[in-house]
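Lettering follows sequence order; numbering is per chain, from 1.
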Amino acid sequence: MGRYNHRVSEAKWQRIWDERRTFEVRADPSRPKYYVLEMFPYPSGRIHMGHVRNYTLGDVIARLKRAQGYNVLHPMGWDAFGLPAEGAAIKRGIHPKTWTWNNIAEMRAQIRAMGLSIDWTREFATCDPAYYRHEQAMFLAMYERGLVYRKESWVNWDPVDQTVLANEQVIDGRGWRSGAPVERRKLAQWFFKITAYAEDLLAALDRLERWPEKVRLMQRNWIGRSEGARIAFEILGRADRLEVFSTRPDTLFGASFMALAPDHPLAAELAAQDPGLAAFIAECLKGGTSEAALETVEKRGYDTGLRCRNPVRPDQLLPVYVANFVLSEYGTGAIFGCPAHDQRDLEFARTYGLPVRPVVLPEGADPATFAIGEEAYTGDGRLFNSAFLDGLDVPAAKKRIVQELERLGAGRGEVSWRLRDWGVSRQRYWGCPIPMIHCPGCGVVPVPVEQLPVLLPDDIDITGVGNPLDRHPTWKHTSCPRCGGPAQRETDTFDTFVESSWYFARFCDPKNSEKPFDREAVAYWLPVDQYIGGIEHAVLHLLYSRFFTRAMRDCGYLDLDEPFAGLFTQGMITHQTYRDEQGNWLEPGEVVKDESGGLRTRDGRRVIAGRVEKMSKSKLNTVDPTEIIETYGADTARLFMLSDSPPDRDLEWTDAGIDGAWRYLNRLWRIVDERAAALPPPGTPVRHEGLEGADLALARLVHRSIASVTDALERFHFNKAVALIRELTNGIEDYRGDNGPLLREALETFVRLIEPMTPHLAEELWERLGHRHLLADTPWLAPDPSLLVEDRIVLPVQINGRRRSEISVPKGADAATVEAAALADPAVRRILEGRAPRRVVVVADKIVNVVV
RNA sequence: GCCCCAGUGGCGGAACCGGUAGACGCGGCAGACUCAAAAUCUGUUGCCCGCGAGGGCGUGGGGGUUCGAGUCCCUCCUGGGGCACCA
C-alpha cells in the first residue's frame with residue numbers, strides 16, 4: 001500500500017520512453033501511416049493552458065492510433081519568427097535570436113514534462129537558416145512559375161517611428177509606441193497569387209469531409225465567389241468609361257447614382273482639381289478599413305459633378321459620388337446604386353434625396369402601389385419598370401441583361417472574388433529575408449539559388465524606428481547577379497504565415513539539406529490525417545497552407561492538393577476574473593472568501609467577481625501549466641483537459657475541476673493497488689462462456705466499455721470517454737465476485753483504455769499488474785462480440801407520448817408480441833382503466849407508444 | 001451592417017437517425033471512520049404537490065409538424081465567433 005507519486009512516476013516513464021526511443025518513427029510503406037499534428041507553437045517562453053489542451057488532444061489520438069497498429073508521425077517544432085521577438089529587443093535590448101532560442105529551450109522542457117508521444121528527433125525551428133533556406137528556394141521557384149509578383153498596396157504607416165504597423169499595433173488610430181496618428185501609405189510589396197487558385201480552393205472545400213463545417217463555411221465566405229456583371233458607363237464629357245461590378249445587374253433600370261471608393265483612381269484625379277473632394281477623401285481614409293467599420297459607418301458621399309449615362313436608359317444621367325462605404329479592393333472599386341433593392345444604397349439615397357425606383361415586384365404585390373419604405377427589397381420577384389426585362393424573374397433577368405449589355409458593348413458577365421492576393425512583405429528584421437535584389441539597371445533580379453540562403457545579419461540595431469534591415473550599414477549592399485553592378489537587397493522579410501504554410505511537409509523529412517523535403521517521404525506521410533488547433537486559424541493559416549500545397553505541387557515539390565485531411569478546432573480556456581473596487585484586475589490567488597461568503601483580497605479589500613473570460617495576461621486570470629504539472633502531475637492536467645467539456649467548446653478552468661481529476665487518479669491507483677496482490681498472473685486465460693450474475697455483468701460492462709470508449713475517442717468525444725471509463729471503474733469497485741481472471745481482465749482493460757489520456761499512471765499500473773513490456777507498445781483492445789449482445793431488452797412504454805412503464809421483451813420481438821406485453825403490463829392497465837387504445841405504435845427494440 | 005454558432009438541474013455536461021431527458025462528474029444534504037480535521041467510504045439529490053402510493057411541470061420565450069420533439073420547421077430573446085499585417 002502506498003500513494004501514487006506522480007513526480008517519481010512521470011519522470012521515470014518519460015526517461016524510459018526516451019531511452020527506448022518509443023516514439024521515434026521512420027517511413028515504412030509496408031505499414032499504414034497516421035500523421036497527427038498540433039499547430040506548432042510560437043516560442044513566447046512559457047506554455048499556456050491552450051497549449052496543454054492542444055497537445056493533450058493530439059496525444060490522445062496519436063497514442064490511440066499507435067496502439068491500433070498505425071505507424072504514427074507526431075512531431076513538434078517552433079514557429080520561431082515574429083513580432084514579439086522584436087518587441088523584446090526594443091523593450092529589453094535582447095537580441096531576437098538569443099531571446100527566441102532561449103525561449104525554445106524553456107518551452108521544450110515545459111512541453112516535455114507533459115509526457116507526449118512525440119518524435120523529438122524531428123524538431124526544428126523556422127528561424128533556423130537550415131529551414132528558411134528552402135523557403136527562399138521555393139519562393140524563387142514560385143516566382144519562376146508566375147505565382148509571385150510585386151505591386152503597390154496600402155499599409156499602416158507610423159510617421160514618427162518611420163515604420164509599418166500591424167493592425168494590432170494600431171490602437172485607436174495611433175501607433176502603439178509613438179502614439180502618433182497612423183497614416184495610410186502605398187508601398188511596393190510582394191504578393192503570392194493565391195487568387196489563381198480561388199476556384200479550386202473553393203470547390204475542394206466540399207471534399208474536406210473531416211473538417212468542421214464551420215471552418216469550411218468561413219473559408220467559403222472569405223473566398224467570396226459572386227456572379228454578376230461588369231458594366232461600363234459612359235461619362236459625359238470624358239473619353240474613358242466608368243467600370244463597375246454588380247451582382248444585381250438585373251436592377252440596372254432602378255439605378256439612381258454611381259459611387260466610387262475614396263481611393264479609386266478617378267477620385268484621386270478629380271480631387272486634384274477639387275479641394276472639397278480632397279478633404280472628403282482625406283476624411284474617409286482616416287476611418288477603419290475593415291468591412292465591419294465600413295458597413296456600420298454613416299453612409300456619406302461627395303458629388304463629384306460628373307454624370308454617367310445609364311447604358312440601358314440612355315436618357316437617364318446618373319450623378320457620380322465618392323462614397324465612404326464603397327470598398328476599393330472589391331470588384332472595380334465603383335458601383336452603381338439601386339436604392340430600391342440594396343439597403344446601403346437606400347440609406348445613401350435617403351440622405352442625398354436621390355430617386356428610389358423599384359424594379360423587382362414581390363409575389364402578389366400591386367405594381368401601381370408598391371413602394372419602398374425604410375427597408376430595401378432584396379428578395380425574389382418579377383421585374384417591372386424595366387422595359388425588355390419586364391415580367392422576368394430575377395435569375396432570368398440577370399441573364400437577359402447581360403446579353404443586352406454584351407450586345408451594346410457595355411458589359412459582360414463576370415465572376416468576382418472577395419479573396420485578394422496574399423501580401424507577404426513585412427518591413428521587419430525577425431523574419432525570413434525575401435531573396436530578391438533590386439538593380440538600378442536590370443530591375444528586380446532573383447538571388448541565384450546557389451547563393452542561398454540569404455542570411456539575416458546578426459549585428460543588428462533594433463530600435464523600433466525604421467526598417468532594421470534597411471538601416472543596417474552594409475547588409476543590403478550587394479552586386480547584381482545579372483550585370484554585376486552595385487545593387488541592393490530586398491530589405492523586407494516574409495510574413496510568418498509563409499513558414500507555417502509548409503512546416504507540416506518539412507516534418508516528414510526534417511534534416512534534408514538538399515531540398516525542402518524528399519518526395520517519397522512526403523508521399524508516404526502526407527496528408528496530415530489529424531490536424532488540431534485553434535479556431536482563430538480557421539481562415540488565414542489554413543487557407544495559405546492549402547494554397548502553398550497547390551503551389552508546391554505545381555512547382556514539382558510534391559503531388560498533393562490538400563495538406564490536412566482531418567481538422568479539429570479546439571475551444572478556448574477560460575477562467576473567472578476578479579477586480580477590486582477601483583476596477584483593477586486581481587489575480588485569483590489574491591482572492592479569498594470571507595465569513596459571509598463575500599470575496600476579499602488578502603489585505604481585506606472588497607472584490608468583485610467578473611465574467612468568465614478567455615485566459616489572458618491583461619486580465620490576470622491565467623493559470624501557469626508548469627505550476628499545475630509540478631503540483632498535480634501531467635496526467636492530472638491532461639485528464640482535466642479531457643473531462644467534462646467537449647474539446648471543441650470553451651473549457652472553464654476551476655480549482656475544483658483540477659482537484660477532481662487528481663482525486664480520480666488516486667482512486668485508480670487504489671483500485672489496482674488493493675487488488676493486484678490477489679490476481680492470477682498476467683496471461684491467465686479468461687473464459688467468457690457460461691458466466692452468470694455479477695461475473696456476467698462485469699464481463700459485459702468491460703466489453704461494452706471497450707466498444708464505447710474506442711468509439712468516443714475516435715469521434716473526439718473525450719469527455720464522454722472519460723465518463724465511460726468512470727462507469728467501468730465504478731463497476732469494478734462494485735464487483736464482489738471472486739473470478740480472478742475476469743477481474744484481471746477488467747483492471748487491464750481500464751488501464752489500457754485510459755493510457756492515451758493519462759499515460760504515466762497507466763504505465764505504472766500496467767507494471768504493477770505484472771507486465772514487463774511497455775503499455776505504449778501494447779495493442780488496443782477489441783471487444784468480445786458475444787458479450788455485446790443482449791437477449792432481452794427493457795422497452796419503455798409510453799401512453800400518449802409520456803413514459804408510464806417499462807416491459808422486458810426478447811430482443812427483436814415482433815410488434816404483436818410487444819403490443820400484447822405492453823397492454824398486459826399492470827401500470828398500463830391501470831392507466832387505461834379498460835379503455836381500448838386507439839392505436840399502438842411499436843418501434844422494434846426502441847419504444848412502445850399507446851395512444852388513447 | 002453582413003455571415004455563422006450556441007442556449008438542457010445550483011454548476012460542467014450526456015442523450016449517435018425524432019423514441020425512457022439529466023449518463024458521468026462537481027457541488028449540496030445525511031451518515032460511517034476520527035479526540036478532531038483532512039483523506040476515504042455509504043446513501044441521497046431536476047422542480048412543485050403529496051405522509052405515501054402517486055400525480056403535475058420541465059431542455060432560453062412563443063407557435064407549428066408528429067403517435068412521440070432537447071433533436072425538425074417558423075419566429076423572437078440572450079450570449080459568443082468571423083469579417084485581410086498578433087500568433
Side-chain angles (χ1 to χ4, degrees), chain A residues 3 39-44 79 81-84 87 153 155-156 164-170 189 212-215 217-218 220-222 224 289-297 299 325 329 343-344 347 418-428 495-497 500 533-541 543 572 611 643-646 648-652 654 656-657 659-661 663-664 666-667 670 711-712 715 717 719-727 730 733 794-806 830 837-843 845-852:
Chain A
R3 262 174 91 147
M39 290 180 183
F40 69 160
Y42 178 79
S44 62
D79 188 14
F81 276 134
L83 217 43
S153 104
V155 293
N156 299 312
V164 174
L165 300 176
N167 281 346
E168 68 154 11
Q169 294 174 322
V170 179
Q189 307 203 66
E213 188 48 45
K214 179 189 170 81
V215 174
L217 186 72
M218 283 166 76
R220 269 186 212 112
N221 290 341
W222 189 267
T289 57
S290 68
E291 272 187 43
L294 288 178
E295 291 194 30
T296 46
V297 80
K299 312 288 179 282
F325 64 92
E329 310 228 23
Q343 191 60 34
R344 288 169 304 183
E347 288 171 31
R418 188 177 166 276
L419 182 69
R420 303 202 294 261
D421 280 333
W422 173 19
V424 292
S425 294
R426 298 290 182 271
Q427 295 68 34
R428 320 213 183 277
D495 177 3
T496 57
F497 276 123
S500 56
I535 186 76
E536 64 273 26
H537 292 295
V539 179
L540 295 185
H541 161 59
L543 192 62
M572 300 182 302
R611 305 198 325 161
S643 307
D644 295 342
S645 294
D648 54 337
R649 282 210 228 163
D650 289 355
L651 173 120
E652 187 188 346
T654 60
D659 225 51
R663 287 206 310 266
Y664 183 58
N666 283 294
R667 192 171 138 213
R670 281 194 307 274
D711 182 62
R715 296 201 295 161
H717 294 174
N719 55 323
K720 227 176 113 185
V722 173
L724 290 164
I725 291 175
R726 280 185 182 265
E727 282 187 88
N730 288 347
E733 285 200 308
V794 174
L795 279 193
V797 182
Q798 295 180 331
I799 293 173
N800 290 338
R802 272 209 88 93
R803 195 192 78 97
R804 293 296 165 161
S805 183
E806 49 190 36
R830 184 171 50 73
R838 278 199 295 155
R839 184 176 165 191
V840 179
V841 180
V842 176
V843 182
D845 294 343
K846 283 274 189 190
I847 205 162
V848 190
N849 191 12
V850 180
V851 187
V852 290

Measuring only the [atom1] atom in each nucleotide, how far is [N] from [M]? A whole number of Å is fine.
{"N": "G18(B)", "M": "C85(B)", "atom1": "C1'", "result": "48 Å"}
{"N": "G13(B)", "M": "G80(B)", "atom1": "P", "result": "16 Å"}
{"N": "G46(B)", "M": "G25(B)", "atom1": "P", "result": "15 Å"}
{"N": "G9(B)", "M": "G58(B)", "atom1": "C1'", "result": "10 Å"}
{"N": "G63(B)", "M": "G70(B)", "atom1": "P", "result": "15 Å"}
{"N": "A6(B)", "M": "C17(B)", "atom1": "C1'", "result": "22 Å"}
{"N": "G54(B)", "M": "U59(B)", "atom1": "P", "result": "24 Å"}

When you compare the side chain of [Y] with that of [X], does any pair of heavy atoms fall below 4.5 Å?
{"X": "W422(A)", "Y": "D495(A)", "value": "yes"}
{"X": "V848(A)", "Y": "V841(A)", "value": "no"}
{"X": "V424(A)", "Y": "F497(A)", "value": "no"}
{"X": "I799(A)", "Y": "V850(A)", "value": "yes"}
{"X": "R804(A)", "Y": "V797(A)", "value": "no"}

Applying a 4.0 Å non-hydrogen cut-off, can you work out what [X] is touching in the nucleic acid: base, sugar-phosphate, or nothing?
{"X": "D711(A)", "value": "nothing"}
{"X": "E652(A)", "value": "nothing"}
{"X": "L651(A)", "value": "nothing"}
{"X": "S643(A)", "value": "nothing"}
{"X": "P646(A)", "value": "sugar-phosphate"}
{"X": "W222(A)", "value": "base"}

Is any side-chain N or O of R649(A) closer than 4.0 Å to OP1 or OP2 of A14(B)?
-> yes

Using only side-chain N and O atoms of K720(A), determine if any of them is under 4.0 Å from OP1 or OP2 of A15(B).
->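 K720(A) to A15(B) OP1/OP2: side-chain N or O found under 4.0 Å.
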
Can you name the salt bridge (charged side-chain N to carboxylate O under 4.0 Å, His left out) partners of [X], sequence neighbours left out?
{"X": "R649(A)", "result": "none"}
{"X": "E806(A)", "result": "R803(A)"}
{"X": "E536(A)", "result": "none"}

Pairwise N/O distances under 3.5 Å, protein to nucleotides 42-53 of chain B:
none

Taking N or O atoms only and anything under 3.5 Å, show me the protein contacts with nucleotides 25-28 of chain B, one pair per line.
from, atom 1, to, atom 2, distance (Å)
G25(B), OP1, N730(A), ND2, 3.1
C26(B), OP1, R663(A), NH2, 3.3

Expressed in angstrom and rounded to an integer, what is the separation of H717(A) atom NE2 from G13(B) atom C1'?
-> 13 Å

Rounded off to whole Å, could you give me the CE-to-P distance for the M218(A) and C5(B) pair?
-> 12 Å

List in chain and number order the residues that pass side chain to side chain contact (heavy atoms under 4.5 Å, CB included) with [X], two or more places apart in sequence or in another chain; answer none if no residue qualifies.
{"X": "K846(A)", "value": "V843(A)"}
{"X": "N666(A)", "value": "Y4(A), W662(A), R670(A)"}
{"X": "D711(A)", "value": "R715(A)"}
{"X": "R663(A)", "value": "D659(A)"}

What nitrogen or oxygen pairs link the protein and nucleotides 66-69 of chain B at under 3.5 Å?
from, atom 1, to, atom 2, distance (Å)
C67(B), OP1, R839(A), NH1, 3.4
C67(B), O4', R839(A), NH1, 3.4
C67(B), O2', N849(A), ND2, 3.1
C67(B), O2, N849(A), ND2, 2.6

Ignoring the backbone of [X], work out which of [options] is nearest its side chain.
{"X": "D79(A)", "options": "A87(B), U40(B), G82(B)", "value": "A87(B)"}
{"X": "N221(A)", "options": "C3(B), C85(B), A84(B)", "value": "C3(B)"}
{"X": "Q427(A)", "options": "C85(B), A87(B), C3(B)", "value": "C85(B)"}
{"X": "L217(A)", "options": "U20(B), C4(B), G13(B)", "value": "C4(B)"}

How should the glycosidic conformation of C11(B) be described, syn or anti, under the criterion that syn lies within 90° of 0?
-> anti

For G81(B), measure the glycosidic angle (O4'-C1'-N9-C4 for a purine, O4'-C1'-N1-C2 for a pyrimidine) and name it syn if it falls within 90° of 0, otherwise anti.
->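 Base orientation relative to the sugar is anti.
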
Protein-nucleic acid N or O pairs under 3.5 Å, nucleotides 55-59 of chain B:
from, atom 1, to, atom 2, distance (Å)
G56(B), OP2, R804(A), NH1, 3.2
G58(B), O6, R802(A), NH2, 3.2

Go through the steps to decide whether W222(A) and L540(A) satisfy the test side chain to side chain contact (heavy atoms under 4.5 Å, CB included), and finish with yes or no.
-> CA-CA 9 Å; W222(A) 189 267; L540(A) 295 185; 3.6 Å; yes

More 5' along RNA chain B: K846(A) or D650(A), using each one's nearest nucleotide?
->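 Nearest nucleotide further toward 5': that of D650(A).
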
RNA chain B: Q189(A) or I535(A), which has the more 5' nearest nucleotide?
-> I535(A)

Salt-bridge test for R220(A) and E213(A): reply yes if a basic N is under 4.0 Å from a carboxylate O, no otherwise.
-> yes

With pairs defined as Watson-Crick or G-U wobble and both distances under 3.5 angstrom, please note down RNA chain B as a dot-bracket string, | for pairing with another strand.
-> (((((((..(((......[....)))((((((.......))))))((((....))))..(((((..]....))))))))))))....

